[in-house]
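Down below is the structure, laid out as structure tokens.
The structure displayed is predicted, hence computed values, not measured ones.
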Amino acid sequence: DLFNTPKPLVRVHGIRIIDRLIDACLEAGIHEIYIVRGYLSELFDQLLYKYPMIRFIENPAYNEANNISSALVARYMLSNAYVFEADLLLSNPGIIKKYHYTSNFLGIRKDRSDDWIVRVKDGIIYEETVGGEGNDVYQMVGISYWDEEDGHKLSQDIQDVYQSPGGKERYWEQVPLVYRKNHYKVEIRECLDEDI
């Protein structure tokens with residue numbers, strides 16, 4: 001029943017949403033895949049039949065904290081790594097590439113948006129906020145890549161922000177884009193509406 005299915009496991013055109021993400025990784029030659037699970041976590045076991053290489057990381061705080069708690073339990077896996085929101089419907093698997101040389105966040109160029117956006121100057125994200133307009137606005141897409149150095153910094157910064165007052169209510173990407181943004185230079189990687 002749809003109401004007792006975590007969003008990544010919902011089928012669209014007969015295919016689970018998360019399968020498209022996993023398949024895109026495998027197509028790109030990425031075989032080390034971790035899934036952080038919380039809500040109805042045992043339902044994710046069904047993925048192991050098709051994808052025996054998957055490893056699960058349990059998030060015991062999923063019910064009392066925002067998605068920063070998922071980043072916290074996976075914080076040592078973030079170097080040279082993609083981070084995906086597992087409920088994104090990927091239409092273009094080609095946007096997942098094996099090699100990146102800089103940390104980046106996927107975004108769709110918009111003149112105006114009421115959604116979560118980042119503002120960009122010279123290809124670097126300088127602000128994250130909800131809603132905005134202008135020629136520097138990109139709607140955020142929940143796919144990012146973190147190079148080795150930034151991954152190491154994130155492992156500490158995520159823990160520090162999580163443990164700070166109000167930290168459990170944060171979204172994980174606010175760590176590098178808002179609360180510790182002076183530690184990072186995150187590039188925008190542009191994609192199109194039809195990619196996702």
Tell me, do [X] and [Y] make a side-chain contact under 4.5 Å, heavy atoms counted?
X: Asn104; Y: Trp146; result: no
X: Pro60; Y: Val73; result: yes
X: Glu173; Y: Val83; result: no
X: Leu26; Y: His31; result: yes
X: Leu48; Y: Phe56; result: yes
X: Val186; Y: Val118; result: no
X: Glu187; Y: Val120; result: no
X: His100; Y: Tyr82; result: yes

**Prompt:** Do Asp45 and Arg37 meet the salt-bridge criterion of a basic N to acidic O distance under 4.0 Å?
**Reply:** yes
**Request:** Look at Asp23 together with Arg16 and state whether they make a salt bridge at an N to O cut-off of under 4.0 Å.
**Result:** no
Nearest-0.5 Å distance, [atom1] of residue [X] to [atom2] of residue [Y]:
X: Leu78; Y: Leu154; atom1: CG; atom2: CG; value: 6.0 Å
X: His13; Y: Arg20; atom1: NE2; atom2: CZ; value: 7.0 Å
X: Glu127; Y: Lys181; atom1: CD; atom2: NZ; value: 6.0 Å
X: Leu72; Y: Ile57; atom1: CG; atom2: CD1; value: 11.0 Å
X: His183; Y: Gln156; atom1: NE2; atom2: CD; value: 10.0 Å
X: Thr102; Y: Asp150; atom1: OG1; atom2: CG; value: 9.0 Å

For [X] and [Y], indicate whether the former's side chain and the latter's backbone hold a donor-acceptor pair under 3.5 Å.
X: Asn67; Y: Trp172; answer: yes
X: Lys121; Y: Tyr126; answer: no
X: Ser144; Y: Phe105; answer: no
X: Asn92; Y: Gly94; answer: yes
X: Asp114; Y: Gly131; answer: no
X: Tyr62; Y: Val36; answer: no
X: Gln46; Y: Leu43; answer: yes
X: Arg189; Y: Ile95; answer: yes

Closest heavy-atom contact between [X] and [Y]?
X: Ala24; Y: Ile96; value: CB-CG1, 3.7 Å
X: Ile22; Y: Ile35; value: CD1-CD1, 4.3 Å
X: Phe44; Y: Tyr39; value: CE1-O, 4.0 Å
X: Ser79; Y: Glu148; value: OG-O, 3.0 Å
X: Ile33; Y: Cys25; value: CD1-CB, 4.1 Å

**Prompt:** How about Glu58: does its CD atom have over 12 heavy atoms from other parts shown lying under 6.0 Å from it?
**Reply:** yes
**Prompt:** Around atom NZ of Lys50, are there more than 12 heavy atoms of other residues, nucleotides or ligands at under 6.0 Å?
**Reply:** yes
**Prompt:** Can Asp193 and Lys110 be said to form a side chain to side chain contact (heavy atoms under 4.5 Å, CB included), step by step?
**Reply:** CA-CA 10 Å; Asp193 276 311; Lys110 298 282 181 181; 3.0 Å; yes
**Asked** Ile17 and Leu88: side chain to side chain contact (heavy atoms under 4.5 Å, CB included), yes or no, with the steps?
**Response** CA-CA 7 Å; Ile17 291 173; Leu88 285 173; 5.7 Å; no
**Message:** Could you go through Lys168 and Asn66, starting from their C-alpha distance and side-chain angles, then the distance that decides it, and tell me whether this counts as side chain to side chain contact (heavy atoms under 4.5 Å, CB included)?
**Reply:** CA-CA 6 Å; Lys168 286 182 177 183; Asn66 218 321; over 6 Å; no
**Request:** Please step through side chain to side chain contact (heavy atoms under 4.5 Å, CB included) for the pair Ile143 and Ile196, ending with a clear verdict.
**Result:** CA-CA 10 Å; Ile143 296 178; Ile196 298 218; 3.7 Å; yes
